[in-house]
Every structure is written in C-alpha cells, then in structure tokens.
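Here's the structure we're looking at; comments come further down.
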Amino acid sequence: MRQGIERQRPLTLEVRDELERMILDGEVAAGERLNELTLAEQMGVSRGPVREAARSLEHEGLVRTVANQGVFVRELSLESALELYDLRAMIAGYLCGRVAEKADPVVNKALRQAVRDMDAAIAAADEPRYFEINLAFHDRIAIAAGTDRAQRLYTSLGKEVRLLRRRVLCGDESLRTSNHEHDGIVAAIEAGDADAARAAGMQHHLNSKSRLKITM
C-alpha cells in the first residue's frame, strides 16, 4: 500500500481514487471489511475523507455497507457477474463499430501496437503488464468511439467486472486466447468493417464471460 497520497486535487477525491485503486488492484480483497482507522493512518489523512470515499465507491458498486458491521469490498455473485459481461458485450460491440466507422489511422496504429505489446507481455510471462495494457486497449477503443454516454457506461461496468477479471485473464493459454481476439477486433477496425468490428468486440466479451463461468 502506498504510504500517504499526493495532494494535487481535493483531498476526498485523492482518497477516493487511491481506495479505488487498492480495491481494483486486489490490495483489498473482495469481501474484506474496510478499516477506516487503518486506511486513514496509511494514507496520512483523517477518517472523514476515507468515509466519504467509501460512500462514493458504494454508488459505483465496488463496496457495500452492512448495517452495524461496516463497509465491505463487494463480492459479485456469478449471476451478477454474468449480467455485467452481457451488458459490457453489447456496449463494447457498439464502441468497436463506431471506431471502425471513424477510420482514424492514429487510433488504428495505437491499437495495433497494443496487441504487439500484449504479445510481448505474454512472451515475458508478465501477467500484470498484460493486464495493464489490456485495460488501456479497451479504454482507448471506448474513448476513440467518441460517444460520451456509451463510454461512461462501459467504464462504470468495467470497474465492477475488474473485481473478477483476474480470474478470466490468468495463465498463458488464457492470455493468448484473449489477445488473439484483440487481434481480430483490430483487424476489423483497420479494415473499416463496422459490422465485423461490432461482432468481434461483442464476442470477445462473451468469450470472457464463458471463461469466467469455468472459474466460479
């Protein structure tokens, strides 16, 4: 855990972002209770900003409050997780189709490079690096689509999915399969084939859903 946080923005927002990072990076495990006092001491702040940060993250589905017990990192049920993947699949397909329609060579080049970088991470057996590039790859598509509402929905759902994604992206075979699907998405975008990009983007997320079912 980071000792203290940088104060470049309002304190509550800094604490919120740090707490979100800890949860999404797995430093605070699913089902674990958030200890306000401990977190406040480790971040070098009072308990108030930690409490406010937890309330904000509850609205995003990352934590839940249990009466008379405290705040806990959310544990997703299989049913909830599968629903999230279905919703993400539909939005992802839409976003990929939009990017293909735009035919932006700068975006296309960046996406193709990301696929190469993920291949390199696989070859180096560097799963954390793959995971990082994978997130940036999908974020780049969401941003490049140029549709704010769909991007916000996709990003919001993605935070909940990240509570489970390390189960899906684990092991050499899983990573290679995932990146092969990324290659197909980029190929369709490069070809300017919106229908193929839409189908590839949706199927990629549905395939992740299928892999998740095996692990739960």
Side-chain angles (χ1 to χ4, degrees), residues 1-85 87-88 91-92 118 121 125-143 148-171 175 205 208 212 215-216:
M1 182 180 295
R2 297 173 183 172
Q3 297 299 313
I5 58 177
E6 298 179 4
R7 309 285 175 79
Q8 298 178 348
R9 297 186 297 149
L11 180 58
T12 299
L13 292 180
E14 292 288 347
V15 172
R16 180 208 167 283
D17 286 353
E18 177 65 4
L19 185 54
E20 178 184 90
R21 182 198 65 77
M22 291 165 57
I23 292 171
L24 295 181
D25 285 353
E27 292 182 17
V28 186
E32 185 174 336
R33 181 177 178 273
L34 299 182
N35 186 309
E36 285 184 7
L37 180 58
T38 299
L39 289 169
E41 290 177 347
Q42 291 171 332
M43 293 184 190
V45 300
S46 65
R47 296 174 65 174
V50 175
R51 188 176 303 115
E52 289 299 318
R55 288 173 183 165
S56 176
L57 294 179
E58 185 168 20
H59 291 307
E60 295 189 17
L62 295 182
V63 302
R64 62 188 181 91
T65 300
V66 179
N68 302 318
Q69 295 184 42
V71 180
F72 296 80
V73 177
R74 186 178 175 195
E75 292 182 282
L76 288 177
S77 67
L78 176 59
E79 181 180 3
S80 293
L82 297 182
E83 181 183 16
L84 284 171
Y85 270 100
L87 292 171
R88 286 258 294 177
I91 299 172
M118 282 185 275
D126 190 345
E127 285 190 10
R129 177 60 177 159
Y130 181 93
F131 188 67
E132 176 186 347
I133 302 169
N134 174 67
L135 292 175
F137 173 82
H138 289 290
D139 285 346
R140 183 63 184 266
I141 290 176
I143 293 169
D148 290 344
R149 181 168 295 180
Q151 178 192 344
R152 288 197 302 271
L153 288 170
Y154 184 80
T155 300
S156 177
L157 292 171
K159 289 179 180 179
E160 293 185 70
V161 168
R162 280 180 66 182
L163 294 172
L164 295 167
R165 193 175 292 169
R166 290 186 187 275
R167 295 189 184 188
V168 177
L169 294 177
C170 181
L175 299 187
H205 287 69
S208 295
L212 175 65
T215 68
M216 295 187 73

Tell me whether E18 contacts the main-chain N or O of M43 through its side chain, where contact means a donor paired with an acceptor under 3.5 Å.
no
Is it true that a side-chain atom of R33 and a backbone atom of Q69 form a donor plus acceptor pair closer than 3.5 Å?
yes
Looking only at non-hydrogen atoms, find the nearest pair between A121 and R129 and report the distance.
CB-CG, 3.9 Å
Reported CG-to-CZ distance for the pair L135 and R140, which is rounded to 0.5 angstrom
15.0 Å
Would R74 and E58 pass as an ion pair if we require N to O under 4.0 Å?
no
Quick one: CD on E27 to CD on Q42, what's the gap to the nearest 0.5 Å?
9.5 Å
Taking side chain as C-beta onward, heavy atoms only, is V66 less than 4.5 Å from F72?
yes
Could you grab the distance from atom CD of E41 to atom CZ of R47, nearest 0.5 Å is fine?
9.0 Å
Any idea which heavy atoms bring V15 and A53 closest together, and the distance?
CG1-CB, 3.8 Å
Locate the shortest heavy-atom distance separating A54 from L34; write the atom from each residue and the value.
CB-CD1, 4.4 Å
Restricting to non-hydrogen atoms, name the atom on L11 and the atom on P49 that form the minimum distance, rounded to 0.1 Å.
CD2-CG, 3.8 Å
So CZ of R16 and OG1 of T12: to nearest 0.5 Å the spacing works out to 11.0 Å
Y154 vs H205 aromatic rings, parallel, tilted or perpendicular, using cut-offs 30° and 60°?
perpendicular
Is there a side chain to side chain contact (heavy atoms under 4.5 Å, CB included) between R64 and V71? Walk through the geometry before answering.
CA-CA 6 Å; R64 62 188 181 91; V71 180; over 6 Å; no
For E83, what residues pass the side-chain contact (heavy atoms from CB on, under 4.5 Å) criterion, not counting sequence neighbours?
L87
Starting from the C-alpha separation in whole Å, work towards a yes-or-no answer on side chain to side chain contact (heavy atoms under 4.5 Å, CB included) for R51 and E36.
CA-CA 7 Å; R51 188 176 303 115; E36 285 184 7; 3.0 Å; yes
Do P128 and D126 have side chains that approach each other closer than 4.5 Å (heavy atoms only, starting at C-beta)?
yes
Polar side-chain atom of E32 near backbone of A29 as donor-acceptor pair, under 3.5 Å:
yes
On a heavy-atom basis, the closest approach of Y130 and L175 is OH-O, 3.4 Å
Between Q151 and T155, does a side chain to side chain contact (heavy atoms under 4.5 Å, CB included) hold up when you go through it step by step?
CA-CA 6 Å; Q151 178 192 344; T155 300; 4.2 Å; yes
Here the gap from L13 atom CG to S56 atom OG, rounded to the nearest 0.5 Å, amounts to 8.0 Å
Closest heavy-atom pair, I91 versus A150, reported as atoms and distance to 0.1 Å, is CG2-O, 3.6 Å
Within the side chain of S156, is there an N or O that forms a donor-acceptor pair under 3.5 Å with the backbone of R152?
no
Assess the residue pair I23 and L57 against the criterion (side chain to side chain contact (heavy atoms under 4.5 Å, CB included)); give the C-alpha distance rounded to whole Å, side-chain angles, the decisive distance to 0.1 Å, and a yes or no.
CA-CA 10 Å; I23 292 171; L57 294 179; 4.0 Å; yes
